[in-house]
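Shown next, in structure tokens, is the structure this report addresses.
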Amino acid sequence: MIEAIRECLGQEMEADNRVVVIGEDVGVLGGVFRATDGLQARFGKDRVVDMPLAEGVIVGSGIGLAMSGLRPVIELQFLGFGHQAFHQIGQQVARLRYRSQGRHSLPLVIRSPFGGGVRTPELHSDAFEAFYTHTPGLKVVAPATAYDAKGLLAAAMESDDPVLYLEPLKGYRLTKDEVPDERYTVPLGKLRVARAGADVTLIAWSAAVNVAERAAEELSEQGISVEVLDLRSLNPLDIDGVSESVAKTGRVAILHEAPLTGGFGGELVATIQQECFYSLEAPIIRISAPDTPYPLGGVEDLYIPDVDRVVAEVAALAKASA
Amino acid sequence: MIEAIRECLGQEMEADNRVVVIGEDVGVLGGVFRATDGLQARFGKDRVVDMPLAEGVIVGSGIGLAMSGLRPVIELQFLGFGHQAFHQIGQQVARLRYRSQGRHSLPLVIRSPFGGGVRTPELHSDAFEAFYTHTPGLKVVAPATAYDAKGLLAAAMESDDPVLYLEPLKGYRLTKDEVPDERYTVPLGKLRVARAGADVTLIAWSAAVNVAERAAEELSEQGISVEVLDLRSLNPLDIDGVSESVAKTGRVAILHEAPLTGGFGGELVATIQQECFYSLEAPIIRISAPDTPYPLGGVEDLYIPDVDRVVAEVAALAKASA
Amino acid sequence: MSESRFLPNFEPIAPFSRLTDSGILDSGESPMSDDAVIEALRYMMLTRVFDDKATSMQRQGRFGTFSSVRGQEASVVGAATALDPTKDWIVPQYREFPALIRHGYPIENFALYFMGNPKGGTIPSNVNMLPMQISLAAQIPQATGLAWGLKMQGGDGVVITFFGDGASSEGDFHESLNLAGIMKAPVIFFLQNNGWAISTPRENQTAARSFAERAIGYGVEGVMVDGNDLLAVHEVTTQAVAKARAGGGPTLIESVTYRTGAHNTADDPTRYIDQQELEKWQQKDPVERVKNYLRSRGIWNENLEQELLDSCAAQIDAAMESARNTPLATSDALFNHVYAEPPQRMLDQKRDWAIRNGDAQ
Amino acid sequence: MSESRFLPNFEPIAPFSRLTDSGILDSGESPMSDDAVIEALRYMMLTRVFDDKATSMQRQGRFGTFSSVRGQEASVVGAATALDPTKDWIVPQYREFPALIRHGYPIENFALYFMGNPKGGTIPSNVNMLPMQISLAAQIPQATGLAWGLKMQGGDGVVITFFGDGASSEGDFHESLNLAGIMKAPVIFFLQNNGWAISTPRENQTAARSFAERAIGYGVEGVMVDGNDLLAVHEVTTQAVAKARAGGGPTLIESVTYRTGAHNTADDPTRYIDQQELEKWQQKDPVERVKNYLRSRGIWNENLEQELLDSCAAQIDAAMESARNTPLATSDALFNHVYAEPPQRMLDQKRDWAIRNGDAQ
Ligand SMILES: Cc1ncc(C[n+]2csc(CCOP(=O)(O)OP(=O)(O)O)c2C)c(N)n1
Ligand SMILES: Cc1ncc(C[n+]2csc(CCOP(=O)(O)OP(=O)(O)O)c2C)c(N)n1
Ligand SMILES: [Mg+2]
Ligand SMILES: [Mg+2]
């Protein structure tokens, strides 16, 4: 997947010289995960900029760059360090268009890896997406496949709204689906049916989609047919796409890496039970991390929901009586 | 209510000289809302400290003060400026106990007014509670009455866990229920049945409780009996208390000032439909602000749910067929 | 044993000034023509008229919480008049009314904003400014990025950002000055040290002897100026603008002034202000100082004063009137301009809101 | 026309040093006894042994991502040995192994932490330290508050906080130095300028000539020291500690050193490092410099060196062995210590997790 992101950045920078990439270690090093590898050599130090270590001004100056007529792509080295820029993202990026009554559009993309499973140090692995989905004015996308990574990033960079683009740390090297060479976009706000099924709708995004797919495979051996939805975009949310699936299955499980309480799963449950109340045959279940901080790497496999757990909980859901 | 808060602070400082109050303008001025009025004169400049204008270090140094053996109470002038301290609150305050494996408890209270309805300038009125309920390690309370304001603050200050204590900006002067002179605590994690009823459970917290009560009063005239729950504490959440009411009514409305998507209402819906699925006679509804930034004061009355809107939506809910 | 580790114990710097307290120019040449001074004075007087009007309207409940410029008029106007509105940008805090007006932001919008009407936020497309900033210091990184971006694209526009002594304690200040130093961004950090952050006096804000000295730590030039001296502020800012335009990078200007009014209309400064200090500063009133200067030049008289006052009052009255006559916003004001391409969910809400409130869709 | 507005154009300060590159003391008196130097050298050697062991274990997949101290041993040990572990506190970043160990944090815990076992985070109750910090600079406000609190309660404990040149760009640095200056908090801001923040060189981190000069902007004392000179670092830090203990307030120490290893075990510095610069700094190896000093004092020989090396190796091996033999954590490690009084919901989850994972409850 990391290659798809890098390729997309290169193509967009080639096509539009207003695109600049800024962040910690994005230049000479090419990013700690090499998402921007080679870009500085290709486009110069002005367009791929190693920033001082200060997330607040990285994001805040990105706003200013956009105001000057550029289209900045900001890399936050890890989403956990978005907290340092939270006032700029939550109150400035998300609101500039509204606060200026449309005078200042903000074509700005914040890319950031997030999520666990690769034994990073503390505070590097948290799945903090829910903070940003509660931030009107900001769009949030989280691709699970390399194909979508490329197409959604292109769409995000094309958009005149600010977009938080979340990359699954775990999927960087593991996810290796086919990616066309040419430029294409995947629309923001449309989910992907990752696997069709009839008994249970299993909703996930980012790295959890892969867990969901593997669980669905195992469940199919138990005779349970699971439809896996890859949301791709958390805001805008494809409510129609979700409802369509739920109307068919009547049973829903939501899978996410973040802690239960206040996770984006709650929003999905609330929306689904509103839209599909009379189709539901059992309570919607949430499969998530517990309400505790992300732990050290040695126990992260106990923290993040794994295939076994998803299989067990979805199997129980499939059997729950109406 | 502001008097109850002030009285509580005074009593706790009197009883325990490890309590210190820090924040912007809390000293000579006594806080922009006078919550700390007179405390500096009474307890000295060391225990009631006017801090430089920097929320990150106000919270971060509060952690240090606690490590030195004190019990700091931090005033954030408005919850919107918690964003500037988000890295300290979300990753440091909430996790110190866990990260030090119990070596460092963190008896620290962050007090902050929040919510709208009093035509403050931009960014002063947002109801940002949902960010903090998705932060394991941090407790969150939000009293609606003066009685609870005093008792919950005492309980928060007594706790060895960090507590975010949210004060309804609108209720500061308006809320005037009876408050005993003596010291008492209201336990964290227990809701209050603000009004008993049989047809619909209406859940609210902080300033919205008053709106809920007034709506319930009007609805009773239409023959609809509404049980109003004042959550008081968002974490810990009184799930049993909520379930008990829902088992009785079968219909639930949740009222909050924050935007719909990602608000704490979603968490409540998800929890209730899990716990009470078979009691529910209609979809749980959420009555909230729209998914837009908090607007300028001239239109805030259109933004925050008001009594009329609650009456209309709850009446519709009461009539929705099962 | 080397002692080079110690920083030099240099004398504190003093604010640069051109006029005496009673408005007499020093022996050098004036940095502003008489016409320019009169134009600047008119902005200062306009500000007073506006502040008085807005404050009295606020007392009658017809205006929101609002911060006057009282005492700081020379500081704001001296800086603003150094800018070229056609290419320079202003990134404001909230206490810079005359700077925004001179730059082209309509008084009417300013008023509407404080009346709570979202239309007030509208920045005309030819006006180079960012919205007023309530989240203190959050504008400083934005100004830095804007300046850096202008330079990167080969323009010669300069950015000025205003902020207070209080705001300078925020991390955003540090991160921005540091970045600006690295990028040699054409940005002027205009710090109005007005002695107070609400009730917090400057001594409680920092133990630094001056804010200007902070520039050293970023490889940036720092200057301290008497903020109640129109000519000095104008001169120093003009130099900083010229330097930035020529590629010389950022400047931190500490403008030493004093807030002689309340923090805002909700504030009661008698609870904390030192009356003697206040009176001392009232003696240094920046408006009177400019008038005295013009008197010393022999081009100020009561007729001119009255004429200017009348024209200011007429201008403010007209703008206020027009703001008052602007219809209250309807529910679509919650939804318009949030997104370039709004999510369906928000559009559905917009429709529901319109129906519920009986607004046109 | 007054020119007092300009900051003085003083010479850049230079790092304070006591030893030449080849370990010869200047003409003054040594700030450390020979025994103290040998003890410090042992910590430096211990660190090398640990770093090598941990790095090789990491390559075998038996240790997590980990940052070695290589090149900075004199800087960390010189500072740490100025502290009194019974009353002074350390508030670390993540690259200060020997400081933590000398202060009483068990090597075994340090190893367990990097092996990903939550038990590693355990700080013994008599050890005055905060957890290692991953969120850069977030520890600096905490150190400031801790020092201020100790002083407020009449204690004479001092706090030292470590952080890098990179971390110094964060707003937390600014806000903390400013607060410490105001409160005269007994805190030492020990900035290790090791030339790099991952791949970002010091020149891209700031345009300031030195980090120490930043102290001016906070009314704080600033010092620059040769971080590869054990004696100089120890002397400067000892003075700062004494000053803080006596109520003289904070000091910012810039320790100029160089990271001669990779940023961490996941990093490939050949992608960005200047080989010549690296070699230049390798010549200034801090460990060799101390050995040379001891040689010049006639109290270093191969026997002593071997003896120390053996004892260090034995100590590290024992700790690593014990860490390896520590059982893997079970699911309760997710839940324990999150709260003093846990919410019921979390306790329910703890029970569910234990059942699912077959762990004892
Ligand atoms: C981040 C943030 N924190 C707190 C506030 C509340 N507040 C509004 S104005 C003010 C004082 C500002 O002082 P200063 O920056 O010196 O500007 P002045 O009002 O003196 O012009 C405070 C604390 C705010 N608006 N933003
Ligand atoms: C707030 C924050 N942003 C980014 C990172 C990622 N990161 C880890 S180490 C590092 C470089 C730190 O440089 P410096 O402070 O100089 O310390 P050094 O590693 O050189 O000792 C970065 C960018 C982080 N851990 N925290
Ligand atoms: Mg001020
Ligand atoms: Mg470094």
Side-chain angles (χ1 to χ4, degrees), chain A residues 17-18 20 22 46-47 49-70 72 84-85 87-88 90-108 136-139 159-162 188-189 233 235-240 271, chain C residues 89 91 109 118-125 127-135 137-153 155 157 159 170-172 174-183 185 187 333-346 348:
Chain A
N17 62 15
R18 295 170 304 169
V20 294
I22 69 174
D46 253 11
R47 291 187 62 199
V49 186
D50 279 325
M51 294 288 280
L53 207 165
E55 290 78 10
V57 80
I58 290 175
V59 173
S61 70
I63 297 173
L65 289 173
M67 293 305 90
S68 80
L70 299 170
Q84 264 82 354
H87 60 302
Q88 291 290 347
Q91 300 188 332
Q92 305 295 324
V93 167
R95 297 184 183 200
L96 182 58
R97 192 168 203 288
Y98 182 65
R99 297 186 64 238
S100 68
Q101 291 287 294
R103 163 67 197 284
H104 297 303
S105 278
L106 195 50
L108 176 149
L138 184 69
K139 292 179 174 173
S159 168
D160 280 335
D161 290 312
L188 309 180
S233 165
N235 177 23
L237 183 65
D238 187 355
I239 298 174
D240 291 344
T271 299
Chain C
W89 283 73
V91 181
N109 291 22
K119 286 203 189 76
T122 311
I123 301 172
S125 66
V127 176
N128 293 329
M129 66 173 256
L130 261 55
M132 277 182 274
Q133 186 56 265
I134 298 299
S135 182
Q139 73 275 25
I140 314 181
Q142 298 167 19
T144 304
L146 172 53
W148 172 31
L150 294 174
K151 176 182 158 191
M152 213 192 278
Q153 291 166 88
V159 180
E170 291 280 0
D172 277 332
H174 170 75
E175 299 184 6
S176 302
L177 269 96
N178 193 45
L179 179 66
I182 297 168
M183 302 301 171
V187 52
L334 301 177
F335 302 92
N336 290 339
H337 308 302
V338 176
Y339 292 95
E341 297 155 75
Q344 188 56 44
R345 176 172 248 189
M346 197 202 76
D348 293 346

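Chain letters run A, B, ... following the sequence lines, proteins first and then strands; every chain starts at 1.
Minimum heavy-atom separation, Pro141(C) to Val57(A): CB-CG2, 3.7 Å.
For Ala143(C), no part sits under 4.5 Å from any heavy atom of chain A, backbone or side chain. When heavy atoms are compared at a cutoff of 4.5 Å, Ala185(C) does not approach chain A at all. Neither the backbone nor the side chain of Ile140(C) comes within less than 4.5 Å of any heavy atom of chain A. Contact of Met346(C) with chain A is not made at all, since no heavy-atom distance falls under 4.5 Å. Looking at Glu341(C), the atoms closer than 4.5 Å to chain A (heavy atoms on both sides) sit in the backbone and in the side chain alike. Ile239(A) touches chain C through its side chain: at least one heavy atom from C-beta onward sits under 4.5 Å away, while N, CA, C and O do not. Looking at Asn178(C), the atoms closer than 4.5 Å to chain A (heavy atoms on both sides) all sit in the side chain, from C-beta outward.
Heavy-atom pairs under 4.5 Å with chain C peak, among Val20(A), Asn17(A), Leu53(A), Val49(A), at Val49(A). Among Ser125(C), Ala333(C), Ser176(C), the residue with the largest count of heavy-atom pairs under 4.5 Å with chain A is Ser125(C).
Looking at Asn109(C), its side chain never comes within 3.5 Å of a backbone N or O of Ile123(C) through a donor-acceptor pair.
With a 4.5 Å cut-off on side-chain heavy atoms, Met67(A) and Arg103(A) do not count as touching. Taking the side chain as every heavy atom from C-beta outward, Pro342(C) and Phe335(C) never approach each other to under 4.5 Å.
Between the side chains of Gln92(A) and Gln139(C), not a single donor N or O lies within less than 3.5 Å of an accepting N or O.
The side chain to side chain donor-acceptor pair (under 3.5 Å) search around Thr122(C) returns none, not counting sequence neighbours.
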